[in-house]
Amino acid sequence: MSSELNIESPARINVADASKHAGELVEIRGWLYNLRKSGKIVFPIIRDGSGLMQCVAVKSNLPEPVFETLKNLTQESSFTIKGTVRAEPRAIGGYELDVADAQLVQRVSEEHPYPITPKDHGIEFLMDHRHLWLRSRRQHAAIRVRHEIVKGIRDYFDSHGFVLVDTPIFTPAACEGSTTLFEVDYFEDEKVYLTQSGQLYNEANAMAFGKVYCFGPTFRAEKSKTRRHLTEFWMVEPEIAFADLEEIKRVAEELILYLISRVLENRKEELKVLERDIAKLEAVHAPFPRMSYDEAVKLLQSRGSEIQWGGDFGNADETLLAQGFESPVIVDRYPAEIKAFYFQPDEQRPELALGVDIIAPDGYGEIVGGGQRIHDLALLEQRLVEHNLPREAFEWYLDIRRFGSVPHGGFGLGVERFVAWVCNLEHVRETIPYPRMLYRTRP
RNA sequence: UCCUCAGUAGCUCAACGGUAGAGCAUUCGGCUGUUAACCGAAGGGUUGUAGGUUCGAAUCCUACCUGAGGAGCCA
């Protein structure tokens, strides 16, 4: 379906760059987002991955086949289009294309029309069509915010003296001795699991490089079925030699503030598409509210929670705790009993662990968990016994305490929960392209 | 693993014991500025599955399947 007009090859542009080409003849390649017809004028909206742009095709100005091609486009049909860019405040994105020529690449057949229509759909249907759902505006916006946050994480650590030292995905033992691991049936003579944290390796790497981080997917075989859980999720974990709990808190706070400023700087359009209340993000500021576990329990009790000292916070408690604060809440010094074996005890009150969690506002829950690690060999050996962990598997980990042991610590930040909070999404499943959940492994 | 809720047209839903319906999508027709465009027409159904109650079941009962939300646990 090519035009009879002989239009010279114009510049191929992305819709996102339309403002730089006002008045110019350009070519755009993409897919049909939506089409409105009105007799002798049609308004195809093209989606090229970078944005949306309304095109205007007037029958009297175009060769018959070109107009017919555009008029008969079906949703998500692929095509290329040439025309002149013109500022148009009424149009989405502020620019329109006055069509001169168009060429069909592949027309979506009416026997199998594009399933995701501009009307409402249920979550099951959308998840079954996740590979197509990603073409939608909101999904597009969320994934771009995710990209900004991932890039922001790397930029932050790379510019603060950290070395990226990635940790293995296949690991021979539990990091925390729990039962939430995916077993891999492949390696001979040995059970191997998918990692749930790179932390133990991170500690070794911090002794090699000083300041390190790992960034990759992690896996939890928990039977969790909530809006905050994925079985496969991404986590960034920094670890710092010679750091104490206060430094860990400071770095986590600084990272969070930096990531939010990056998103506000570069992804405001996406936040608008997501209908995120931007003022609430702009209100996040240093210093974050800080409290001890003791104080958090008292605060929760005063707000009506049933929690008793010694118990861990449930989701309701986390939401209640964060209420009334503009910034995430930093809670530290938890009872050692409810924390993992490797936390350094508080010097004054050894029943407390120098662990820290950072709880996001609005019920998004724990976005950071970390703390200061045990650096004393004898104490760590004792903890392994107390937690019934197989010493042999941890010999290499004990080496870190044998060869120039120093105080150190780190934390993990869950990318999807963080993105969900920044985007104000109902569920973390929309923050990752292909979510893996308890009852969802396809597409 | 447990608790709660839901499965009706391709999609979103209505009908709640008495002839299964609407909007969107699709097809055909109309419209030169539409903004999830609009107007007219058409096609489209073993009501998740299997039993049961009843003269009669999408509707009531039982089991199962699938999905969603939550608890515990976690980022």
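Each chain gets a letter, A, B and so on, in the order the sequences are listed, and its residues count up from 1.
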Have a look at [X] and say if it touches a base, only the backbone sugar-phosphate, or nothing, with a 4.0 Å heavy-atom cut-off.
| X | result |
| --- | --- |
| A:D357 | nothing |
| A:L230 | base |
| A:H129 | nothing |
| A:H229 | base |
| A:R429 | sugar-phosphate |
| A:V368 | sugar-phosphate |
| A:E222 | base |

Expressed in angstrom and rounded to an integer, what is the separation of [X] atom [atom1] from [N] atom [atom2]?
| X | N | atom1 | atom2 | value |
| --- | --- | --- | --- | --- |
| A:N34 | B:C38 | CG | P | 10 Å |
| A:D312 | B:A75 | CG | C1' | 13 Å |
| A:I338 | B:C73 | CD1 | C1' | 12 Å |
| A:M437 | B:U66 | CE | P | 16 Å |
| A:R227 | B:G67 | CZ | P | 19 Å |
| A:K225 | B:A6 | NZ | C1' | 12 Å |
| A:W133 | B:C11 | CH2 | C1' | 14 Å |
| A:K223 | B:G69 | NZ | P | 17 Å |

For [N] versus [M], give the span between their [atom1] atoms, rounded off to a whole number of Å.
| N | M | atom1 | value |
| --- | --- | --- | --- |
| B:U59 | B:A14 | C1' | 13 Å |
| B:A63 | B:A22 | C1' | 34 Å |
| B:U62 | B:G70 | P | 27 Å |

Nearest heavy atoms of A:N266 and A:E270, plus distance in Å:
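Heavy-atom minimum between the residues: O-OE1, 4.3 Å.
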Minimum heavy-atom separation for A:I153 to A:L255, with atom names?
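Distance-wise, the nearest heavy atoms are CA-CD1, 4.4 Å.
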What is the pairing partner of [N], taking Watson-Crick or G-U wobble pairs with both distances under 3.5 Å in any strand?
| N | value |
| --- | --- |
| B:A41 | B:U27 |
| B:C5 | B:G67 |
| B:G72 | none |
| B:A15 | none |

Pair A:E386-A:R383, salt bridge (charged side-chain N to carboxylate O under 4.0 Å, His left out): steps then yes or no
CA-CA 5 Å; A:E386 286 166 7; A:R383 286 285 195 270; 3.4 Å; yes
Quick check: any donor-acceptor pair below 3.5 Å linking the side-chain of A:H121 to the base of B:C11?
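Per atom types, no contact qualifies.
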Donor-acceptor pair under 3.5 Å: do we get one between A:S224's side chain and the base of B:C73?
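Pair found.
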Would you say A:R417's side chain and A:R228's backbone share a donor-acceptor pair under 3.5 angstrom?
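Checking the backbone N and O of A:R228 against the side chain of A:R417, a donor-acceptor pair under 3.5 Å is found.
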Donor-acceptor pair, side chain of A:E295 and main chain of A:S292, under 3.5 angstrom:
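Yes, the answer is positive, given that a donor and an acceptor are paired below the 3.5 Å cut-off.
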Protein heavy-atom contacts under 4.0 Å, written 5' to 3' over nucleotides 22-34 of chain B as B (base), S (sugar-phosphate only) or - (none), form the string --SSSS---BBBB
Salt-bridged, A:K249 to A:E246, with N to O below 4.0 Å?
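So A:K249 pairs with A:E246 through a salt bridge.
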Pair A:E254 + A:R250, salt bridge at N-O below 4.0 Å:
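A salt bridge links A:E254 with A:R250.
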When A:Y213 is tested against each of A:F157, A:F411, A:Y156 for ring-ring contact (aromatic ring centres under 6.0 Å, His included), which residue passes?
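Per the ring-ring contact (aromatic ring centres under 6.0 Å, His included) rule, the option paired with A:Y213 is A:F157, out of A:F157, A:F411, A:Y156.
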Report the nucleotide, chosen from B:U66, B:G72, B:A71, that has the shortest atom-to-atom distance to any side-chain atom of A:R228.
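The answer is B:A71, which lies nearest to the side chain.
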Side chain of A:T226 only, heavy atoms from C-beta on: which candidate in B:G70, B:C74, B:A68 is closest?
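Closest nucleotide to the A:T226 side chain: B:G70.
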Please figure out whether A:E232 or A:L438 has its closest RNA chain B nucleotide nearer the 5' end.
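The residue closer to the strand's 5' end, by nearest nucleotide, is A:L438.
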Map A:I358 and A:E124 onto RNA chain B by nearest heavy atom, then report which one ends up closer to the 5' terminus.
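Its nucleotide being nearer the 5' end, the pick is A:E124.
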Side chains of A:S197 and A:E237 only: does a donor on one sit below 3.5 Å from an acceptor on the other?
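On atom types as modelled, these side chains qualify, holding a pair under 3.5 Å.
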Which is it for A:E269 and A:R144 under the side chain to side chain contact (heavy atoms under 4.5 Å, CB included) test, yes or no, and what are the steps along the way?
CA-CA 10 Å; A:E269 283 308 310; A:R144 281 181 178 273; over 6 Å; no
Between A:Y33 and A:Y114, is the ring-ring contact (aromatic ring centres under 6.0 Å, His included) condition met? List the steps.
CA-CA 10 Å; A:Y33 184 77; A:Y114 187 70; 9.5 Å; no
Would you tabulate the nitrogen or oxygen pairs shorter than 3.5 Å linking the protein to nucleotides 42-45 of chain B?
none

